[in-house]
Amino acid sequence: MLKPLPIQARDEIHTWGHYPEIFRDLDYAIQPGGWLDTIANKATCHAFGYYTPDLVGLSLLDVFEGGQAEFYIAIKPSCLNKGYGKQFMIATINKSFELGFEKLFLKVRLNHQVGIALYQKLGFENQKTVAMEINGEPTLFYLMELNKAVYQNSIAR
């Protein structure tokens with residue numbers, strides 16, 4: 001179930017531990033000072049938790065002008081490969097469209113093939129490759145975009 005993420009939940013998220021080696025690059029997201037802390041502190045951010053009934057994931061929608069938002073998602077490391085990612089993505093995407101967004105963006109590491117496949121299945125399309133510095137290292141990402149109409153067509157199939 002998708003619910004607003006209370007600020008107190010950050011302390012719990014910071015104790016989730018580390019991702020398996022194959023996803024170790026994603027640790028920065030949920031560690032102190034990662035995107036959970038930097039993005040969730042913005043006045044333009046909507047933060048959500050996914051509960052089963054325990055908190056197993058978080059998502060953020062960082063709002064831009066013109067009905068657009070950047071989408072961030074993290075699943076608790078011990079809850080990977082249990083089907084929560086797809087359910088949580090769909091719940092957050094649906095919520096974003098209920099809130100009036102017409103377009104979502106996300107960045108995904110080029111080597112995160114599992115995430116890329118899921119995002120494409122849900123209708124996200126690669127727009128371009130972008131470079132960012134993460135933990136002092138240059139890192140390449142795909143910038144992916146989802147339009148509301150494309151998404152509604154993808155889930156109708």
State, with a plain yes or no, whether a side-chain heavy atom of [X] is found less than 4.5 Å away from one of [Y].
| X | Y | answer |
| --- | --- | --- |
| F101 | V63 | yes |
| W16 | L58 | yes |
| L122 | I90 | yes |

With a 3.5 Å cut-off and sequence neighbours excluded, list the donor-acceptor pairs that the side chains of residues 50-57 form with protein atoms.
from : atom 1 : to  : atom 2 : distance (Å)
Y50  : OH     : Q87 : OE1    : 2.8

Let me confirm one number: the [atom1]-[atom2] distance from [X] to [Y], rounded to the nearest 0.5 Å.
| X | Y | atom1 | atom2 | answer |
| --- | --- | --- | --- | --- |
| Q68 | L61 | CD | CG | 13.0 Å |
| N94 | L99 | CG | CG | 11.0 Å |
| I93 | L2 | CD1 | CG | 11.5 Å |
| I39 | H46 | CD1 | NE2 | 13.5 Å |
| L146 | M89 | CG | CE | 8.0 Å |
| T44 | F64 | OG1 | CZ | 8.0 Å |

Tell me the closest heavy-atom pair linking [X] and [Y], and the distance in Å.
| X | Y | value |
| --- | --- | --- |
| F88 | S59 | CZ-N, 3.3 Å |
| A40 | C45 | CA-SG, 3.8 Å |
| M144 | I116 | CE-O, 4.4 Å |
| Y119 | L106 | CD1-CD1, 3.7 Å |
| L60 | A47 | CD2-CB, 3.5 Å |
| I73 | W35 | O-CZ2, 3.5 Å |

Please check if the side chain of [X] supplies one atom and the backbone of [Y] the other of a donor-acceptor pair under 3.5 Å.
| X | Y | result |
| --- | --- | --- |
| S78 | K76 | no |
| E125 | V150 | no |
| Q113 | L110 | yes |
| T15 | E12 | yes |
| D62 | F71 | no |

Which residues share a ring-ring contact (aromatic ring centres under 6.0 Å, His included) with F23, sequence neighbours left out: H112
Among pairs that include at least one residue of residues 95-104, which meet side-chain hydrogen bond (donor to acceptor under 3.5 Å, both in side chains), considering only residues two or more places apart or in two chains? none
Output all residues satisfying side-chain hydrogen bond (donor to acceptor under 3.5 Å, both in side chains) with [X], sequence neighbours left out; order by chain, then residue number.
| X | result |
| --- | --- |
| Y72 | E70 |
| N147 | E145 |
| R109 | none |

Report the C-alpha distance between Y151 and F97 in whole Å, list the side-chain angles of each, state the deciding distance to 0.1 Å, and finish with yes or no for ring-ring contact (aromatic ring centres under 6.0 Å, His included). CA-CA 10 Å; Y151 174 71; F97 296 142; 5.6 Å; yes
With distance as the sole criterion, is a donor-acceptor pair present between the side chains of H14 and D37 under 3.5 Å? yes
